[in-house]
Amino acid sequence: QVQLVESGGGLVQAGGSLRLSCAASGRTFSNYAMGWFRQAPGKEREFVAAISWSGALTYYAESVKGRFTISINNAKKTVYLQMNSLKPEDTGVYYCAARTGISRSTAEYNYWGQGTQVTVSS
């Protein structure tokens, strides 16, 4: 059973930064990929970024390219999302997810964390 636990959310002013963490446990992840998704009130969950377990491959949504960076610490089984130059439209619940093979598709991820709230004030 895979368990994902996010942390690091909070309230920040526009232009500020936050770093989210996702700790994974429960199995061997060598052939897995990890993704970050977000969901704003009244909107569908959307892809933010993804990384292969080796860290060699990364994907980003166009809306966050150049501002967000996804990274992974294999020894700690932890994925990070460094978010800089935050905007009010980045507000939402951020979820960590896992699947075999990297993907941008929400529907293709099998395991999800409980989410962490990010609020960016203008």
*Asks:* Name all residues meeting the side-chain hydrogen bond (donor to acceptor under 3.5 Å, both in side chains) criterion together with S52; count only those two or more places apart in sequence or in a different chain, and write none if there are none.
*Replies:* S54
*Asks:* If the condition is salt bridge (Lys or Arg N to Asp or Glu O under 4.0 Å), which residues does R67 pass it with, not counting sequence neighbours?
*Replies:*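 R67 satisfies salt bridge (Lys or Arg N to Asp or Glu O under 4.0 Å) with D90 once adjacent residues are dropped.
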*Asks:* Pairs under 3.5 angstrom only: tabulate donor-acceptor contacts from the side chains of residues 82-89 to other protein residues two or more places apart or in another chain.
*Replies:*
| from | atom 1 | to | atom 2 | distance (Å) |
| --- | --- | --- | --- | --- |
| Q82 | NE2 | N84 | OD1 | 2.9 |
| N84 | OD1 | S17 | OG | 2.9 |

*Asks:* Report the distance from atom CH2 of W53 to atom CD1 of I72, rounding to the nearest 0.5 Å.
*Replies:* 4.0 Å
*Asks:* Taking transitive links into account, so neighbours of neighbours count too, which hydrophobic residues share a cluster with Y80 at under 4.5 Å side-chain distance?
*Replies:* none
*Asks:* I need the minimum non-hydrogen distance between T106 and W112, along with the two atoms involved.
*Replies:* O-CZ2, 3.5 Å
*Asks:* Any disulfide (SG to SG under 2.5 Å) involving residues 53-122? Give me the pairs, sequence neighbours left out, ordered by first then second residue.
*Replies:* C22-C96
*Asks:* On a heavy-atom basis, which atom in A14 and which in S122 lie closest, and how many Å separate them?
*Replies:* CB-CA, 4.4 Å
*Asks:* Could you name each residue pair satisfying salt bridge (Lys or Arg N to Asp or Glu O under 4.0 Å) that touches residues 51-60, not counting sequence neighbours?
*Replies:*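 Checked against salt bridge (Lys or Arg N to Asp or Glu O under 4.0 Å) - neighbours excluded - no pair reaches residues 51-60.
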*Asks:* Mind checking the CG-CZ spacing from N110 to R99? Nearest 0.5 Å is all I need.
*Replies:* 6.5 Å
*Asks:* Could you give all pairs that pass the salt bridge (Lys or Arg N to Asp or Glu O under 4.0 Å) test and reach residues 39-51, with sequence neighbours left out?
*Replies:* R38-E46
*Asks:* Minimum heavy-atom separation for G115 to E6, with atom names?
*Replies:*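 Smallest interatomic distance, heavy atoms only, reads N-OE1, 2.9 Å.
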*Asks:* How would you list all residue pairs meeting ring pair (Phe, Tyr, Trp, His ring centres under 6.0 Å) that involve residues 4-26, not counting sequence neighbours?
*Replies:*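 Passing the test, one end in residues 4-26: no pairs.
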*Asks:* If you measure from OG1 on T78 to CE on M34, what distance do you get to the nearest 0.5 Å?
*Replies:*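 Between atom OG1 of T78 and atom CE of M34 there are 9.0 Å.
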*Asks:* Kindly write out the residues that satisfy side chain to side chain contact (heavy atoms under 4.5 Å, CB included) with A75, not counting sequence neighbours, or none if the list is empty.
*Replies:* N73
*Asks:* With sequence neighbours excluded, tell me which residues meet side chain to side chain contact (heavy atoms under 4.5 Å, CB included) with V2.
*Replies:* L4, R27, F29, Y111
*Asks:* Just verifying a value: how many Å separate L81 CG and W36 CH2, rounded to the nearest 0.5 Å?
*Replies:* 6.0 Å
*Asks:* Only pairs under 3.5 Å count here: list side-chain donor-acceptor contacts from residues 57-65, not counting sequence neighbours, and write none if there are none.
*Replies:*
| from | atom 1 | to | atom 2 | distance (Å) |
| --- | --- | --- | --- | --- |
| Y60 | OH | I70 | N | 2.9 |
| E62 | OE2 | K65 | NZ | 2.8 |

*Asks:* Are the side chains of T91 and Q117 in contact, using a 4.5 Å heavy-atom criterion?
*Replies:* yes
*Asks:* How far does CD1 of I102 sit from CZ of R104, to the nearest 0.5 angstrom?
*Replies:* 8.0 Å
*Asks:* Between Y109 and Y95, does a ring-ring contact (aromatic ring centres under 6.0 Å, His included) hold up when you go through it step by step?
*Replies:* CA-CA 11 Å; Y109 281 78; Y95 297 90; over 10 Å; no
*Asks:* Just to verify, what does S103 make a side-chain hydrogen bond (donor to acceptor under 3.5 Å, both in side chains) with, not counting sequence neighbours?
*Replies:* E108
*Asks:* With a 4.5 Å cut-off on side-chain heavy-atom distances among I, L, V, M, F, W and Y, is there a chain of contacts connecting Y94 to I51?
*Replies:*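 Result: yes, single cluster for both.
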